[in-house]
Amino acid sequence: MFKYFLLLFMIISNSFSQLNIKFEKYVLPNGLNVILHEDHSVPIVAVNIWYHVGSGREKVGKSGFAHLFEHMLFQGSQNVEKGDHFKLLQDAGGTVNGSTNTDRTNYWEVVPSNFLELALFLESDRMGFLTETMTQDKLDNQRDVVKNERRQNYENQPYGMASKVISENLYPPDHPYHWLTIGTQEDLSNATLDDVKDFFREYYAPNNASLCIGGDINPKDVKILVEKYFGEIPSGKIIEKVKPSVPALTENKYLLLEDNVQLPRLYISWITEPHFTDGEPALDILADVISRGKNSRLYKSLVYEKQIAQDVMAYNNSAEISGSFTIVATAKPGISLKQIEEAIYSEIEKIKAGGITQRELDRSKNELEASSIYRLQSVGGFGGKTDQLNRYNVFMGDPGYFNKDLERYRKVKPDEVKNAANKFLKQTGKVVLSIVPKDKKELQAQ
Amino acid sequence: MNKIYLKSVVSFILIFVLVGFAVAQLDRSVEPQPGPSFKMSIPKIERATLDNGLRIVIVEHRELPVVQVQFVLRSGADADISEKAGVASLTADMLDEGTKTRTALQIADELDFIGASAATSANYDASIGSLLTLKEHLSKAMEIFSDIILNPNFPENEFERLKSELLTDLLAQKVRPDIIAGNIFNAKVFGSQNPYSQSIDGSEETVKDISLNDIKDFYGKYYAPNNASVIIVGDITKSEAVAVVKQFFGHWKKKEISPLKLFNPQISTENKIYLINKDNAPQSQIRIGNIGIERRSPDFYAVNILNQILGASNGRLFLNLREAKGYTYGAYANFAMRKSAGPFVAYAGVKTEVTDSALVEFFKEINRIRDEIVSDTEFELYKTAVIQRLPRIFETPAQIAGQLMALELFNLPDDFFSTLVEKYKAITPIDIQRAAQKYLHPKNLTVVIVGDVKSIKEKIEKLGFGKIILCDETGKEL
């Protein structure tokens with residue numbers, strides 16, 4: 001889940017300039033950012049809310065709080081019984097979800113347009129009136145659910161522990177990207193009700209949130225409803241911005257996990273740069289050029305021609321505090337990860353020495369531009385228009401950052417991609433993880 | 001008391017009331033009620049047919065400069081012979097691996113360069129090609145798209161590559177108890193000669209015997225304009241759409257298509273419980289069901305509401321097994337509706353120690369919805385949820401094209417969507433019970449459980465729910 005989310009995040013990091021996404025933004029006296037976007041094509045409304053808090057705000061020994069909160073927010077609030085949040089929205093024919101990453105937590109609902117008020121009622125009640133009904137029982141219950149989730153999605157999932165091992169080795173123990181969003185079993189066990197309430201009061205205040213409402217709406221009516229449900233929620237204390245902190249990795253760390261899998265898989269990770277920095281667009285394009293489509297360098301070499309890998313992907317995950325670039329390849333049966341590793345470096349070295357072609361660059365830019373339009377097809381859900389407006393608002397203070405973002409990608413030159421490969425994908429200073437079937441240690445890299 | 005005084009008191013009260021209203025704490029104890037019901041926006045469907053029999057379905061959708069194209073061939077995995085299951089799917093996969101004038105790499109490069117995305121696949125009912133492109137590149141994209149559908153040249157080396165990838169995928173799935181359970185369930189419910197008994201991708205056993213000639217045969221037999229439709233949704237008029245389809249598919253030659261023979265699934269006459277061992281598995285994967293309903297059945301509406309009550313998230317199985325009992329992360333059911341009756345299946349992954357208790361609850365719920373009429377309150381709730389969900393199914397061109405595909409595959413009338421709401425509204429609790437009695441067979445269920453047999457077998461035997469049969473991981477009886 002974590003990994004997929006990173007991917008999604010990377011994919012939504014730009015958009016198309018010819019398209020003007022009309023929106024209106026205003027701020028309530030309590031600090032809540034509100035963004036309205038009209039789209040009357042179908043009678044649905046998307047409500048999307050971002051809290052600018054993720055596991056990157058957690059302290060050593062208190063990991064997993066932001067994500068635990070994502071769970072607590074579905075456990076009822078002062079005027080919403082436990083279980084009712086899902087039930088009321090599902091009875092309305094709506095869909096609901098939420099997710100947490102290192103930098104933010106988002107929640108969304110998509111409902112038939114006549115149920116907008118219900119969605120606003122539910123979102124506002126849990127923003128303003130949650131701690132009163134937060135009991136030790138609910139906390140214990142959700143802590144268990146999260147532990148089960150951890151077992152199911154990490155510990156018992158084939159390749160499930162990869163992201164944990166990689167984060168722990170890319171980042172030093174006091175860096176907030178050292179631990180996973182889901183937290184450690186130990187920290188989850190140690191969390192007290194007061195800890196959790198404090199975390200909520202600090203970060204789940206309207207002044208740390210951005211509410212985007214899109215779809216079949218009448219802005220005049222919606223403003224009245226937003227004021228009605230969110231206006232009375234007091235603002236919290238001022239929250240300092242997080243500061244980027246990019247660690248230096250000066251050695252190669254080779255790691256091995258034996259797992260209940262059929263095929264060995266190799267992960268190679270490097271530290272890169274935070275998001276919206278100058279280096280990010282070239283890194284994203286580099287990831288595209290080496291692993292997107294049949295003609296991409298690694299796919300073509302490892303999967304298509306040599307047929308030593310079942311699949312390969314690369315992604316640059318630039319986030320708020322730091323960034324990393326990861327290549328993942330699954331070996332065909334009987335192929336050692338050492339062979340996979342060498343084949344990967346051989347392609348990387350070609351780019352470092354010879355750069356990429358103009359056609360590769362243009363292909364990548366055209367795909368980026370086209371997909372930025374395709375992404376505007378849905379108003380709600382992860383990656384939909386409301387989610388994108390909120391993302392730009394939370395990180396750049398401008399929901400309409402689409403054009404500027406795309407411009408960053410448009411102006412990338414072939415040499416910048418080559419330079420990015422040389423600067424970041426270093427021979428020394430990376431984490432290399434081998435996951436192999438039980439008792440098949442001989443298949444590991446190095 | 002003078003009049004003036006009175007007047008000022010009144011206005012004072014009036015002001016007080018107004019101000020008071022504005023600052024009064026919002027009463028949150030009652031959740032807001034929905035506004036007046038939305039009006040479904042039903043896409044306007046237009047049609048044309050080319051001389052070679054190719055059907056064209058068009059929906060103009062002007063929101064963004066994009067066009068979604070869906071090529072639908074009315075033959076899919078249901079046309080596979082069982083010893084060669086996986087042929088329809090591999091044939092679809094082979095389409096973009098080379099044409100008379102383009103290599104696999106050229107096809108990918110040209111499509112990627114214009115930011116178009118194309119994919120080919122098969123399901124039980126159809127073989128499908130889909131294309132999403134910017135309007136400005138429609139002509140180029142359609143030229144390549146039609147090339148892969150009309151002129152594939154099936155290179156031997158690409159076939160071997162894809163087959164090896166597929167075999168590797170099937171190998172990797174062997175550590176997935178959920179997939180093992182699903183595959184064995186289908187095999188046991190439908191019996192070996194029915195195409196629905198096999199996975200769309202086939203199995204290691206069938207795929208290894210597939211040759212390139214099988215692929216060419218399938219293509220030669222079924223890929224023809226008179227067996228297909230092209231659905232176009234997006235920033236395009238009917239005449240533009242017809243012109244572009246005619247330009248690229250107009251010269252495709254008609255051919256005789258041999259009709260699929262209908263298969264008679266073997267109907268079992270007792271409950272059978274198949275146990276597949278996974279040593280020390282912390283969870284048991286449970287599948288329970290029987291042969292269900294075909295897509296064209298007039299019971300479509302009742303069965304969808306029935307399934308919402310029984311098997312949706314927040315349905316009875318979910319509320320019972322997850323919320324009340326805490327046996328599982330989720331328990332669900334569904335009816336796969338295809339050209340012929342697909343499976344009804346109820347399923348969950350449950351903690352090993354409660355496997356027998358979970359079975360009891362599954363059986364209880366399946367019986368309850370047949371034996372007892374659903375209360376009006378419960379019924380209304382689920383029926384409303386089904387109806388309220390409808391506006392979402394037409395948001396994007398891809399969603400609209402996906403919906404239209406059902407019209408093409410199951411010969412449904414074009415007013416199918418505009419009558420959906422009223423048809424659902426006409427369903428009553430009695431219809432639900434009738435449908436449950438017709439499509440759920442609690443004395444004739446197939447149960448498949450993948451789990452730690454040594455800890456669950458004895459307890460399941462004690463239930464006396466049916467004959468217990470041990471199988472290996474391919475479904476072979478031990």
Side-chain angles (χ1 to χ4, degrees), chain A residues 19 39 41-44 78-80 83 86-88 90-95 110-118 121-122 125 129 148 152 156 158 216 228-229 232 260-263 292-295 300 303-304 307 310 332-333 359 362-363 366-371 373-374 376-379, chain B residues 25-26 28-41 61 63-66 104-105 107-109 111-117 132-134 137 161 164-165 168-169 171-176 282 312-314 323 329 381-382 384-392 394-398:
Chain A
L19 283 161
D39 170 358
S41 53
V42 275
I44 61 174
Q78 193 162 292
N79 304 290
V80 181
F86 272 125
K87 191 178 168 312
L88 291 170
Q90 271 172 351
D91 292 347
T95 47
V110 178
V111 290
S113 45
N114 53 332
F115 280 90
L116 168 63
E117 191 169 351
L118 174 68
F121 161 72
L122 293 169
D125 210 61
F129 310 93
N148 273 323
Q152 185 171 317
N156 290 338
D216 188 18
K228 176 174 166 188
Y229 287 103
E232 62 178 334
N260 181 24
V261 296
Q262 292 277 359
L263 304 171
R292 181 162 161 168
K294 267 194 190 126
N295 291 278
K300 192 173 160 193
V303 181
Y304 187 81
Q307 298 182 28
Q310 178 74 354
K332 286 268 197 172
R359 177 142 184 118
D362 291 344
R363 192 171 67 207
N366 292 346
E367 284 183 312
L368 282 164
E369 292 212 12
S371 53
I373 298 179
Y374 301 152
L376 301 176
Q377 296 183 96
S378 295
V379 71
Chain B
Q25 280 266 274
L26 172 64
R28 290 178 176 264
S29 62
V30 185
E31 80 241 14
Q33 293 307 299
S37 189
F38 58 85
K39 215 175 148 305
M40 278 282 282
S41 52
H61 187 272
E63 209 184 325
L64 288 166
V66 303
L105 292 178
I107 294 165
D109 174 66
L111 285 167
D112 291 348
F113 195 76
I114 55 173
S117 60
L132 177 62
T133 178
L134 297 179
H137 298 307
R161 193 189 96 245
S164 141
E165 279 175 12
T168 305
D169 277 339
L171 173 75
Q173 286 176 6
K174 285 185 161 173
V175 292
R176 297 273 308 271
S313 57
N314 256 2
E323 300 288 296
Y329 192 59
L381 216 61
Y382 288 108
T384 311
V386 168
I387 294 172
Q388 300 278 12
R389 212 166 46 201
L390 295 173
R392 273 192 279 124
F394 294 121
E395 188 184 8
T396 68

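Ranked by non-hydrogen atom pairs under 4.5 Å with chain B, the options A/Gln78, A/Glu117, A/Gln310 are led by A/Gln310. Note: B/Phe113 leads B/Tyr329, B/Phe113, B/Phe394, B/Tyr382 in heavy-atom pairs under 4.5 Å with chain A. Ranked by heavy-atom pairs shorter than 4.5 Å toward chain B, the options A/Val42, A/Val379, A/Asn295, A/Asn366 are led by A/Asn295. Contact count versus chain B (heavy atoms, under 4.5 Å) is highest, among A/Arg359, A/Lys294, A/Glu367, for A/Arg359. Heavy-atom pairs under 4.5 Å with chain A peak, among B/Val66, B/Asp112, B/Val175, at B/Asp112. When the candidates A/Lys87, A/Lys300, A/Gln262 are compared by the number of heavy-atom contacts under 4.5 Å with chain B, A/Gln262 comes out ahead. Contact count versus chain A (heavy atoms, under 4.5 Å) is highest, among B/His61, B/His137, B/Glu165, B/Gln33, for B/Glu165. Chain A forms more heavy-atom pairs under 4.5 Å with one residue of B/Gly115, B/Pro32, B/Ser41, B/Ala108 than with any other, namely B/Pro32.
For A/Gln307, the part lying under 4.5 angstrom from a heavy atom of chain B is the side chain only. Proximity to chain A is absent for every atom of B/Ala312, based on heavy atoms less than 4.5 angstrom apart. Neither the backbone nor the side chain of A/Val80 comes within less than 4.5 Å of any heavy atom of chain B. With a 4.5 Å cut-off on non-hydrogen atoms, A/Leu122 does not touch chain B at all. Heavy atoms of A/Leu118 lying under 4.5 Å from chain B belong to its backbone as well as its side chain.
Residues B/Glu395 and A/Ser378 meet the side-chain proximity criterion, which asks for heavy atoms closer than 4.5 Å. In this structure, the side chains of A/Asp216 and B/Phe38 stay at 4.5 Å or more apart for every pair of heavy atoms.
Closest approach of A/Ile373 and B/Leu64 over heavy atoms only: O-CD1, 3.7 Å. Heavy-atom minimum distance, B/Thr168 versus A/Pro333: CG2-CD, 3.7 Å.
The side-chain hydrogen bond (donor to acceptor under 3.5 Å, both in side chains) check on A/Asp39 picks up A/Ser41, A/Lys385, with sequence neighbours excluded.
With a 6.0 Å radius and a threshold of 12 heavy atoms from other residues, nucleotides or ligands, B/Arg176 has its CZ atom at or below the threshold.
Between the OG atom of B/Ser117 and the OH atom of A/Tyr374 there is a distance of 5.5 Å, given to the nearest 0.5 Å.
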Do any side-chain atoms of residues 384-392 of chain B form donor-acceptor pairs under 3.5 angstrom with protein atoms, and if so which ones, sequence neighbours left out?
from	atom 1	to	atom 2	distance (Å)
B/Thr384	OG1	B/Glu380	O	2.5
B/Arg389	NH1	B/Gln308	OE1	2.8
B/Arg392	NE	A/Gly93	O	3.4
B/Arg392	NH2	A/Gly93	O	2.6

